[in-house]
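Comments concern the structure below.
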Amino acid sequence: MALTFTETPFDRAAPLRGDAIQLRVLMSGARFVPVHDSAHLVDDAPRLLTWDHTQATRVDLTAAVFLGFIGQTPWFALPIADPQPSGTWKGLRELMPLLPGDEVAILSYALAMTTWRRNHLHCGRCGGATTISDGGHSATCPACDHKSFPRTDPVVIALITHAGKCLLGRQAVWPPGFYSCVAGFVEPGETLEDAVRRESFEETGINIGEVRYVASQPWPFPASLMLGFRAEATSTAISRNDQELEDCRWFGKDEVRAFGERGDDAPGFKLPGPYAIARSLIDGWLAE
Ligand SMILES: [Zn+2]
């Protein structure tokens, strides 16, 4: 099964982003994905706006972000400052269990682009107000010419194994019983493998030998790219050095198979939800 947020149906058509006139022409036949704060407009399915809707409601189209084409149809993300047309707005975490994979991927791309813009209205160099450029895929500062681009923050997440067991931990803020893989942001000057080894040692005290890349997953809360690894431990004594985890343990496969699901009411240990790459890493190990 494909990872959540990976089934994007777009031809991103990046060479068109610099052609503001052509993008304006494309808008007349486009689908617009409205985003208000971090929420999406929904009925039974996500509601899209057409050119006629945008004209009737006088939405500011200068903030639209060109997403690309699905088939022959151009798509844009459209930040809505004033939530018109009225309707029900829901967050992606709430919607993602309910929608097909391609619709979830469309909303996540629109959410990521509009969230970046909302959080980077000013120049990081001189503090001046920026204007969007490249169809919403960059922001330019008229005062100092500094140009910034949408962020993607790499996060390593690793299923650490040794002698038929895997290492799972939990943070105090997580729901009761919920355990997951070691994870953390990649730091400047660090390879992905270095980041896996550092995070493992900081969070669990475990030393890592071989590190093997498995898969990646965009995670738009707000701008992460999850990079999934398998990692082989060369030590087994747990010490929670940075206290990020409140507990961390080695589990055998039969123990993990007996875990409940995140969100169920039963007592005991819980697996990560089916939308998380952590679950995919654990399921892959269980199937070996
Ligand atoms: Zn500037």
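For ligands, and for the atoms within them, numbers begin at 1 and follow the listed sequence. We use all heavy atoms of the structure for the numbers below, so side chains are in, but hydrogens, waters and symmetry mates are not.
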| How about Thr130 and Arg117: does a side-chain donor come under 3.5 Å of a side-chain acceptor? |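 A pair is found: one side chain offers a donor N or O, the other an acceptor, under 3.5 Å apart.
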Can [X] and [Y] be counted as an ion pair, charged N to O under 4.0 angstrom?
{"X": "Glu193", "Y": "Arg197", "answer": "no"}
{"X": "Glu261", "Y": "Arg279", "answer": "yes"}
{"X": "Arg240", "Y": "Asp242", "answer": "no"}

| request: Compute both the distance and the angle, then confirm whether Arg212 meets the cation-pi test with Phe229: under 6.0 Å from the six-membered ring centre, within 45 degrees of the axis. | output: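 The answer is no; the distance or angle limit is not met.
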| Can a cation-pi geometry be assigned to Arg262 and Phe178, taking NZ or CZ under 6.0 Å from the six-membered ring centre and within 45° of the ring axis? |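 So Arg262 does make the cation-pi contact.
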| query | By residue and atom, what protein N/O/S atoms are less than 2.8 Å from the Zn ion (ligand 1)? | reply |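 Under 2.8 Å from the Zn ion (ligand 1) - ignoring waters, which are not counted - the protein N, O or S atoms are Cys123 SG, Cys126 SG, Cys141 SG, Cys144 SG.
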